[in-house]
Amino acid sequence: MTARTHPDVALPPEFFDRDPRRVARDLLGKLLIRRQGRQTLIARVVETEAYLGKNDPAAHSASGRTARNEVIFGPPGFAYVYFIYGNHYCLNVSCLPDGEAGGVLFRAVEPITGITAMAKARDLPESSCHRLTNGPGKLTEALSITRADNGVNLTDRTESLYLAEDNFPRPRIAATPRIGISKATALKLRYLIPNNPFVSKP
DNA sequence: GAGGAGATCGTCT
DNA sequence: GACGATCTCCTCT
């Protein structure tokens, strides 16, 4: 895909000051930017999941505010990164006003710029491009996202990690049940771009 | 290609 | 002390 990208226009805080379901849908097609020294890695968001603060047993915020989930109770547009299964990091962005819990999990992105660096971070050949970022644990590894990025302001383009606008045409969107959880599995809160080869599972 | 089990550790009970 | 918003490898088809 060779659409012209516009990584200099960060998404504003207001974009995230809404219901996570709206934010999760609207994030599809947007850009995730990672600066590594002189290099800039760019990826397009193709799959997300919404996690609601209230009435969502599957969300980390369900059992109340703790040191770990502090960020998703805070102001909108900040990175919530957590460590899971002893191996992997997952990237979320906080939604709703300060004091209200809610967030969006990034499940898959499409590499656009810096594929060589992403492949190196994943310890995979560039030829397996479609396997670099098609999963929440994979995309954080490809973009070298760790606990150090927890609490980063994703609406600030001077940060080393942020989200950007793009002129990508508004994609068609499909909603399915969320993946990898055991609670509230009936809710269709997973959003993806149908037929995009970089989503985690069809 | 599908299905299953193990790895591995921070967080909360 | 149990479990988890996952991934990879191994086996079988």
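Lettering follows sequence order; numbering is per chain, from 1. Computation of the quantities below employed the complete heavy-atom set of this structure, encompassing side-chain atoms and omitting hydrogens, waters and symmetry-equivalent molecules. What you see is a predicted model; the values in this text were computed from it and never measured.
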For this session: For A:Arg122, report the nucleic acid contact type (base, sugar-phosphate, nothing); a contact means any heavy atom under 4.0 Å.
Result: sugar-phosphate

Exercise. What is the nucleic acid contact for A:Gly137, judged by heavy atoms within less than 4.0 Å: base, sugar-phosphate only, or nothing?
Worked result: sugar-phosphate

Seminar exercise, completed: Ranking C:dT6, C:dT8, B:dC12 by distance to the side chain of A:Arg68, first place goes to B:dC12

Seminar exercise, completed: Minimal heavy-atom distance between A:Ala142 and A:Leu41, with the atoms involved, is O-CD1, 4.2 Å

Exercise. Under 6.0 Å from the CZ atom of A:Arg65, do we count more than 12 heavy atoms belonging to anything else shown?
Worked result: yes

Exercise. Picking from C:dT8, C:dA5, B:dC12, which would you name as closest to the side chain of A:Thr66?
Worked result: B:dC12

For this session: Output the single nucleotide from B:dT8, C:dA5, C:dG4 whose closest atom is nearest the side chain of A:Tyr80.
Result: C:dA5

Exercise. So, A:Tyr51 and C:dA5: ring centres less than 5.5 Å apart, planes less than 30° off, yes or no?
Worked result: yes

Problem set entry | Residue met sooner reading DNA chain B from 5', once A:Arg147 and A:His88 are mapped to nucleotides | A:His88

For this session: Would you check if there is a donor-acceptor pair between the side chains of A:Ser160 and A:Gln36 at a distance under 3.5 Å?
Result: no

Exercise. So what does A:Arg178 touch, heavy atoms closer than 4.0 Å: a base, only the sugar-phosphate, or nothing?
Worked result: nothing

For this session: Verify the distance criterion only: is there a donor paired with an acceptor across the side chains of A:Arg178 and A:Thr185 at less than 3.5 Å?
Result: no

For this session: Measure from the side-chain heavy atoms of A:Arg107 and tell me the nearest of C:dG4, C:dA5, B:dC9.
Result: C:dA5

For this session: From the options C:dT8, C:dG4, B:dG10, select the nucleotide whose nearest atom is closest to the side chain of A:Lys138.
Result: C:dT8

